[in-house]
Amino acid sequence: MPELPEMETYRQQLAPLIQGVPITGVEVTRPKSLNVEPEQFAQLLRGNRILQINRRAKHLLFILATGELLVLHLMLGGWMYVGSDEDKPDRTFQVTIHFGAKSLYFIGLRLGYLHVHLPEEAEAIFKKLGPEPLQADFTFERFRQTLQGKRGNLKVTLVDQSVISGIGNCYSDEICFYAQLLPTRKINDLSEEELQRLYQSMRTVLLEAIRYGGYMESPLYAGDRLTGGFDSRCRVYDREGEPCVRCGHPLVFEEVSSRKCFYCANCQA
DNA sequence: AGTTATACCCGGACGC
DNA sequence: TGCGTCCGGGTATAAC
């Protein structure tokens, strides 16, 4: 599922492919993906250009030459492909944006969406989100302050977008594993040393995931060797029963706060 | 502040 | 091949 590293991978790879290229047409087969009428959407985009692609948490922001933003959230299982009629995936496209011969296909948008906003509207939406975990000014000191007074468990706190933004179900497990902390630990029970481990692990895991292209089933374009490169490097997520890479004990699956949760019961404490 | 429940949504995998 | 069934899971919101 697309979390911060996946969206960051998309952002980096998408930029050189579509930035500045005139939009020649739009197709919408799922109007619910949009917050405006499909005709209005097409009218706004046709002849327009995406000048820049930014990311905020799990959102991608396509900045149009005319000043509006397209705010993308892939939610569960959404993904994208850039290609042409010849090599496009055999899937249902909810939205397609054509850039001459090549097209950007949006796939698996069930709860996902592509919304048109003015910059100030987007800002208001993003105000509810917690800090970006990888932003340079999100120091350990700020991290500690952010978690100050929290009493929930590690898992539920890490995936809470209003506390820290961008981390989802997969990376919360990976971060806990790297930090050798049980996802069920209470935030307020963590020692100073454990908090530091958690902070370092958060940065290390997210940066590694971005470097290897995140956790995705499908490439972004033909010949893409980066997207999904982190799949095989996931240490615990969806690996119930497999031996822990650190100690060899079989990994455990448990529902924690009604979420899928994977961890090593032997070397996480 | 935490915890729990519920609705949202539908493609595609799977079973027969 | 074809048709019916059901799952997944982040987010918003409400109730306690």
Side-chain angles (χ1 to χ4, degrees), chain A residues 1-10 27-35 38 55-61 71-81 88-96 105-115 117 121-133 144-176 182-190 206 209 214-218 228 231 234 236-240 253-263:
Chain A
M1 50 244 51
E3 305 176 27
L4 186 155
E6 288 71 34
M7 299 315 281
E8 182 60 24
T9 300
Y10 273 146
E27 281 164 63
V28 179
T29 60
R30 181 179 181 264
K32 278 184 182 176
S33 298
L34 311 176
N35 63 339
R55 181 188 58 75
R56 178 71 174 95
K58 304 177 191 176
H59 305 261
L60 236 46
L61 283 75
V71 177
L72 170 72
H73 197 311
L74 293 174
M75 297 288 265
L76 51 137
W79 53 289
M80 290 179 276
Y81 188 81
K88 67 184 181 190
D90 184 19
R91 286 288 195 278
T92 305
F93 311 122
Q94 286 73 44
V95 179
T96 309
Y105 302 96
F106 295 87
I107 304 148
L109 298 188
R110 295 177 198 177
L111 299 179
Y113 54 83
L114 190 56
H115 285 179
H117 285 297
E121 294 171 338
E123 209 158 301
I125 293 166
F126 296 144
K127 230 189 266 177
K128 297 176 194 142
L129 293 174
E132 288 284 330
R144 194 204 341 236
Q145 282 166 21
T146 299
L147 299 183
Q148 191 79 244
K150 295 273 175 290
R151 293 176 289 132
N153 65 44
L154 207 35
K155 174 80 178 173
V156 81
T157 307
L158 284 175
V159 301
D160 187 335
Q161 299 303 294
S162 69
V163 179
I164 298 166
S165 61
I167 297 169
N169 215 32
C170 171
Y171 290 103
S172 58
D173 284 0
E174 295 298 317
I175 290 165
C176 289
L182 286 170
T184 47
R185 289 284 300 276
K186 293 276 186 262
I187 290 287
N188 50 324
D189 286 343
L190 295 178
L206 293 177
Y215 184 92
M216 290 297 284
E217 281 181 23
S218 309
D231 291 18
C234 262
V236 288
Y237 190 72
D238 235 350
R239 295 193 182 280
E240 181 185 11
F253 164 73
E254 186 193 346
E255 192 151 303
V256 174
S257 304
S258 55
R259 287 166 174 282
K260 283 169 75 170
C261 184
F262 301 87
Y263 61 92

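Here is the naming used below: chain letters follow the sequence lines, and residue numbers restart at 1 for every chain. Computed from a predicted structure; not experimentally measured.
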What is the distance, rounded to the nearest whole Å, between atom CD1 of A:Ile187 and atom P of B:dG2? 9 Å
Output yes when A:Asp173 and A:Lys260 qualify as a salt bridge under the 4.0 Å nitrogen-oxygen rule, no when they do not. no
Are the side chains of A:Arg30 and A:Thr92 in touch, meaning some heavy atoms are under 4.5 Å apart? no
Nearest-Å distance for atom pair CZ/C1', residues A:Arg151 and B:dT3: 11 Å
Using 30° and 60° as the class limits, which term best fits the ring planes of A:Tyr237 and A:Phe262: parallel, tilted or perpendicular? perpendicular
Just the rounded figure in Å: distance from P of C:dG10 to CZ of A:Arg56. 18 Å
May I ask you to evaluate whether A:Lys150 reaches the phosphate of B:dA1, defined as a side-chain N or O under 4.0 Å from OP1 or OP2? no
Name all residues meeting the side chain to side chain donor-acceptor pair (under 3.5 Å) criterion together with A:Glu6; count only those two or more places apart in sequence or in a different chain, and write none if there are none. A:Tyr171
I'd like a list of close polar pairs between nucleotides 13-16 of chain C and the protein, N/O only, cut-off under 3.5 Å.
none

Just by distance, with hydrogens left out, do A:Glu3 and A:Tyr215 show a side-chain donor and acceptor under 3.5 Å apart? no
Over how many whole Å does the gap from A:His59 atom NE2 to C:dG10 atom P extend? 13 Å
Looking for any heavy atom pair under 4.0 Å, which part of the strands does A:Gly77 touch: base, sugar-phosphate only, or nothing? nothing
d(CG, A:Leu154; P, B:dT3) in whole Å: 13 Å
Respond yes when some side-chain nitrogen or oxygen of A:Gln161 is under 4.0 Å from OP1 or OP2 of C:dT11, and no when none is. yes
Would you say the side chain of A:Met80 lies within less than 4.5 Å of the side chain of A:Leu60, judging by non-hydrogen atoms? yes
Answer yes or no: is there a side-chain heavy-atom contact under 4.5 Å between A:Tyr81 and A:Arg91? no
Residue that, paired with A:His59, satisfies ring-ring contact (aromatic ring centres under 6.0 Å, His included) out of A:His117, A:His115, A:His73: A:His73
Starting at atom CD of A:Gln148, determine the distance to atom P of B:dG2, rounded to an integer number of angstrom. 12 Å
Whole angstrom value for the distance that separates C1' of B:dA5 from CD of A:Glu255: 13 Å
How would you summarise protein contacts on nucleotides 7-13 of chain B per nucleotide, using B for base, S for sugar-phosphate only and - for none, with heavy-atom distances below 4.0 Å? -BBBBSS
Using a cut-off of strictly less than 4.0 Å, decide whether A:His73 has a side-chain nitrogen or oxygen near OP1 or OP2 of C:dG10. no
Could you tell me whether a side-chain N or O of A:Asp231 sits under 3.5 Å from a main-chain N or O of A:Met216, the two making a donor and an acceptor? yes
Expressed as a whole number of angstroms, how long is the span from A:Asp160:CG to B:dT3:P? 11 Å
